[in-house]
Amino acid sequence: DGGITQSPKYLFRKEGQNVTLSCEQNLNHDAMYWYRQDPGQGLRLIYYSQIVNDFQKGDIAEGYSVSREKKESFPLTVTSAQKNPTAFYLCASSIDPQDLTQGFQPQHFGDGTRLSIL
Amino acid sequence: EDQVTQSPEALRLQEGESSSLNCSYTVSGLRGLFWYRQDPGKGPEFLFTLYSAGEEKEKERLKATLTKKESFLHITAPKPEDSATYLCAVQSLETYDKVIFGPGTSLSVIP
């Protein structure tokens, strides 16, 4: 079955530590996204990528970094500069939003990684 | 600024008691409005896309409708398995590479 796999499901970060969240998709989607979800708030966009080796900052990129070396993979690093990292992190993918030949397609999501501070 | 609000924040229904969830949006040219369902500890699951005012989509006990400023998710005769958080999101014609999500409505259906 095609889908998005996020790992680990739970992650704990120590003070001053960088941690990396994995996101892999086998949907052959060009675009991939990272969101942060906090209680009572909507999903907030951290970073997104529409093509390999290119990515753009979202609304809350400070303290985070990403890479897109392969079409299937879009890992997110939560750095020690992110002072409030405790949240539920969601990865999503979609066809290129600029590609209208296939009709309008929604984003598909993984099952998230819950990050907490030790 | 593009914005999405949802009401109520939480809704508790008896099994079989129909109701509606509201999504109000402000966007500079709507490209599409999405509804998602999210279960605890899971990622959002896509339900519907609506494109233009007057459009309606149905799936089992759910029906989504769209006006120029709002969308409603009507739930007819809900069952306990419909309990979840329902998220609304919009994509604008100008910033089509981003999707703006609302905070969600948490629905509980009591047997």
Side-chain angles (χ1 to χ4, degrees), chain A residues 3-10 21 23 25 27 29-51 54-61 87-100 102-114, chain B residues 1-10 21-27 29-52 55 57 59 64 66 71 84-106:
Chain A
I4 301 174
T5 301
Q6 290 188 240
S7 63
K9 189 169 178 65
Y10 299 97
L21 285 61
C23 178
Q25 56 99 358
L27 299 167
H29 284 165
D30 289 301
M32 296 188 74
Y33 311 82
W34 274 106
Y35 291 93
R36 171 179 172 141
Q37 187 174 35
D38 294 282
Q41 297 192 39
L43 276 65
R44 292 184 289 168
L45 183 63
I46 305 173
Y47 269 98
Y48 62 105
S49 168
Q50 294 179 337
I51 195 169
D54 188 40
F55 48 83
Q56 288 77 41
K57 292 182 179 180
D59 301 317
I60 55 165
F88 190 49
Y89 290 87
L90 287 160
C91 179
S93 71
S94 73
I95 65 169
D96 182 355
Q98 299 181 68
D99 180 3
L100 302 179
Q102 298 186 50
F104 193 66
Q105 299 290 329
Q107 294 179 9
H108 297 267
F109 286 83
D111 275 341
T113 293
R114 188 165 298 279
Chain B
E1 183 184 341
D2 298 341
Q3 191 172 4
V4 179
T5 59
Q6 293 186 246
S7 62
E9 185 176 322
L21 282 54
N22 174 265
C23 170
S24 296
Y25 63 92
T26 304
V27 65
L30 181 69
R31 186 183 184 197
L33 182 143
F34 309 97
W35 281 99
Y36 287 85
R37 170 193 169 124
Q38 186 176 22
D39 292 303
K42 298 286 189 180
E45 175 189 345
F46 170 72
L47 293 173
F48 305 110
T49 304
L50 301 167
Y51 299 98
S52 57
E55 188 175 2
K57 295 261 179 88
K59 181 179 181 179
L66 181 65
S71 177
T85 295
Y86 290 86
L87 302 175
C88 173
V90 299
Q91 189 171 46
S92 81
L93 291 169
E94 289 186 7
T95 57
Y96 51 82
D97 51 348
K98 297 183 185 180
V99 173
I100 309 299
F101 283 84
T105 292
S106 176

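Numbered from 1 within each chain, the chains take letters A, B, ... in sequence-line order.
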### Query
Where do A:Y35 and B:V99 land on the side-chain contact (heavy atoms from CB on, under 4.5 Å) test, with the steps shown first?
CA-CA 11 Å; A:Y35 291 93; B:V99 173; 4.1 Å; yes

### Task
Just do the side-chain contact (heavy atoms from CB on, under 4.5 Å) check on A:Q107 and B:F34 with the steps written out, would you?
CA-CA 9 Å; A:Q107 294 179 9; B:F34 309 97; over 6 Å; no

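Within a 6.0 Å radius of CG in A:L27, more than 12 heavy atoms belonging to other residues, nucleotides or ligands are found.
Here the closest heavy-atom approach between residue B:P44 and residue A:L43 is recorded as CG-CD2, 4.5 Å.
Most heavy-atom pairs under 4.5 Å with chain A, from the set B:E9, B:K42, B:E45: that is B:K42.
Contact annotation for A:D59: only side-chain heavy atoms (C-beta onward) come within less than 4.5 Å of a heavy atom of chain B.
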